[in-house]
S.K.: 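This is the structure, below, for whatever I ask next.
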Amino acid sequence: MNRKEFIQKTSLGVGSLFFFNPTSVFANSFSEDENSVDKPIVIIGSGYGGAVAALRLCEAGKKVCLLEMGLNWEKSGEKFSPMINPGKSAAWLKKQTIAPFMNIFPVKPYTGALDRLDFEHIKIWVGRGVGGGSLVNGGMAVLPKKDYFKEIFPQLDADIFYTKYFPLAQKELEVNTPREEFLKTCSFYKFNKVGEEQAHQAGFKTMRVPNVYDFDYMEQEYEEKVPRSALAGEVIYGNNFGKKSLDKTYLKKALATGDLEILDLHVVKDFVLNNDNTYTLNVNQIDTQGVPQKQFKINCKKLILAAGTMGSLELLLRSQHINKLPLDKEIGQNWGNNGNFMTGRNWVNAFSGGTGFQQSTIPVGGIDNWEDPKHSFFAEIAPLPMGMNVATSLYLMINKVDKPGEVSFNPETNYLNLNWDLSNTEKMKQNAKYFLRTMNNANGGTRSHMLFHNGFGHDICYYPLGGIVLKKATNAFGKLNLHENLFVIDGSLIPASTGVNPFLTITALAEYCMENLLMEKSFEV
Ligand code: FAE
């Protein structure tokens, strides 16, 4: 099922109230009351923003209902699959895998943990399931450069972020750093060792990158004392062990309060602003094949959108189109790919063992060229955990976004339009060219012509950001302009880029917003 078919199939249409469940075919029509439920506070989406919001609200004694379109993997008992043997978790309702490369694997449609949103000039990968992106991401928890943070958020007090909200986010997410001795001896990190050595040879600085994968667990994996996950090729289709995804941290704590209800496989299609400033959501409960089982309405007094950048934009813009939801003109502005640009080199160390047959899926190193005014970038030294040694080095570059894009709604597709083309990534490509040339001149090797587009992955995006920017489309703490009871707490608050992998920034921002919103008594119901 492609995205359009899924949207059409699960689309409610305003006011249509009926069950799809075949067992109810003999039932008479239902009254509106029987098909609607009241929940005081609803959060849509269980990624970083949603998980922080849930915990802080529950701790404040509020009852919270969290709607998540993906599966609750832990509760379901289903397992995540490795990259070389894709199973149920590999793709959200697709017939073929949707990794950034090597999509030679057919899969049976299932509500998998990884989804890909395809636009003309960019493909955007997102996580689906209880835990959102934390289920499928590489776990890199990188602190943005303070100067850049100040540049993108001039109105925020950076000092308080670096002394309070970032450390809080690191603590709650259980961020840790690997032992250098382990990295030196672990054969699964040869790709990183080679990557760092060659970067130094080329005159670049490198840095150790903290992660939410438990490195003590990984050391035990290496010694084969516990089941392997990062060392068994698990990552973008989920990790069965080791990774401290949100279901193990924020969401677990929130559930322990007894005040959080998580409804998985619940897709919110759109919502309506009522005259009394409450909201009514049109919700579709689906099964693991994506087939609608039940359609109903949820009325709530306070609504938090935490559906991720693309999800929150989709909900707002569709609701504006269908239900005349009032929206500020800032919605959709300042969107960016966080400067994502994939690239790679071949013939790396080709005659002395390449980058290693077996590779950990968890990155631990980055090349930090941010201070270079001409070619400012940060590059993750990325693994290629496909069980083959092709002497390839992969890099996921993060650049500044000098030309942000815009998001709007296309009524014909019932989905988003993205105003984003090759001109938006041109400077990123110049940086990639400079980086590869400098690396190859110093170390040998060639651009990976067979990967991406002749070695340049301008259209690969793991980090969509912006579109509902803090203090432009919202007040200082995420309350949406023109609304009293509607809040946005996710990556869409960040204007186009954060200079590093973004989830630590999203988490810290969410902590900041929730603390202040609670202080202002914004969630009294
Ligand atoms: P997100 O985590 O995307 O959560 C949104 C949730 O809302 C999802 O669970 C959706 O299923 C759900 N949802 C959406 N629409 C609806 C709807 N209509 N009804 C119900 N539920 C809905 O949002 N970042 C890093 O910092 N470090 C990394 O190493 C890293 N690696 C990555 C690797 C991959 C393959 C990918 C895809 C991303 C990676 N990221 C990484 C990005 C990171 O996961 C992402 O920025 C955050 O997850 C975004 O957090 P949000 O709270 O914005």
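Counting starts at 1 for both ligands and their atoms, in listed order.
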S.K.: Do Arg208 and Glu196 sit within salt-bridge range, that is, some charged N less than 4.0 Å from a carboxylate O?
M.R.: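 A salt bridge is present here (some side-chain N lies under 4.0 Å from a carboxylate O).
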S.K.: For Arg128, take its heavy atoms, then give the atoms of ligand 1 lying under 4.0 Å from any of them.
M.R.: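 Once the distances to Arg128 are compared, the set is 10 (C), 11 (O), 14 (C).
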S.K.: For atom 26 (O) of ligand 1, what is the closest protein heavy atom, and at what distance to 0.1 Å?
M.R.: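 The closest one turns out to be Phe503 N, 2.7 Å.
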S.K.: Identify, with sequence neighbours excluded, every residue that meets salt bridge (charged side-chain N to carboxylate O under 4.0 Å, His left out) alongside Lys479.
M.R.: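 None.
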S.K.: What part of Ile44, side chain from CB on, backbone N/CA/C/O, both or neither, has a heavy atom under 4.0 Å from ligand 1?
M.R.: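 Side chain only.
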S.K.: Can you name the residues that form a salt bridge (charged side-chain N to carboxylate O under 4.0 Å, His left out) with Lys63, not counting sequence neighbours?
M.R.: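 Salt bridge (charged side-chain N to carboxylate O under 4.0 Å, His left out) list for Lys63, sorted by chain: Asp259.
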S.K.: Using heavy-atom distances, let me know which of Val268, Asn338, Val283 sits nearest atom 17 (C) of ligand 1.
M.R.: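 Ranked by closest heavy atom to atom 17 (C) of ligand 1, first place is Val268.
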S.K.: Please list the nearest protein heavy atom to atom 4 (O) of ligand 1 with its residue and the distance rounded to 0.1 Å.
M.R.: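 For this ligand atom, the closest protein heavy atom is Gly47 CA, 3.3 Å.
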S.K.: Is there a protein heavy atom at a distance of less than 4.0 Å from atom 6 (C) of ligand 1?
M.R.: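 Given the 4.0 Å cut-off, atom 6 (C) of ligand 1 counts as touching protein heavy atoms.
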S.K.: Provide, to 0.1 Å, the distance between atom 21 (N) of ligand 1 and the closest protein heavy atom, together with that atom's residue and name.
M.R.: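 Ranking protein heavy atoms by distance from atom 21 (N) of ligand 1, first comes Met69 N, 3.1 Å.
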S.K.: Select the closest option to atom 8 (C) of ligand 1 among Glu68, Arg318, Met310, His266, judged by heavy-atom distance.
M.R.: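 Among Glu68, Arg318, Met310, His266, the closest heavy atom to atom 8 (C) of ligand 1 comes from Glu68.
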S.K.: If you have a sec, work out which protein heavy atom is nearest atom 41 (C) of ligand 1 and how many Å separate them, to one decimal?
M.R.: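 Result for atom 41 (C) of ligand 1: Tyr463 CE2, 3.2 Å.
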S.K.: Under the ring-ring contact (aromatic ring centres under 6.0 Å, His included) test against Tyr512, which residue among Phe166, Phe161, Tyr162 passes?
M.R.: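 Among the candidates, only Phe161 passes.
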S.K.: May I ask you to check whether Phe215 and Phe182 place their ring centres under 6.0 Å from each other?
M.R.: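 Centroid distance Phe182-Phe215: not below 6.0 Å, so no.
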S.K.: Would you mind checking if Arg56 and Glu511 are paired as a salt bridge, meaning a charged N to carboxylate O distance below 4.0 Å?
M.R.: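 Salt bridge: yes.
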S.K.: Atom 15 (N) of ligand 1: which of Pro502, Gly308, Ala307 has the nearest heavy atom?
M.R.: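 Heavy atom nearest to atom 15 (N) of ligand 1 belongs to Ala307.
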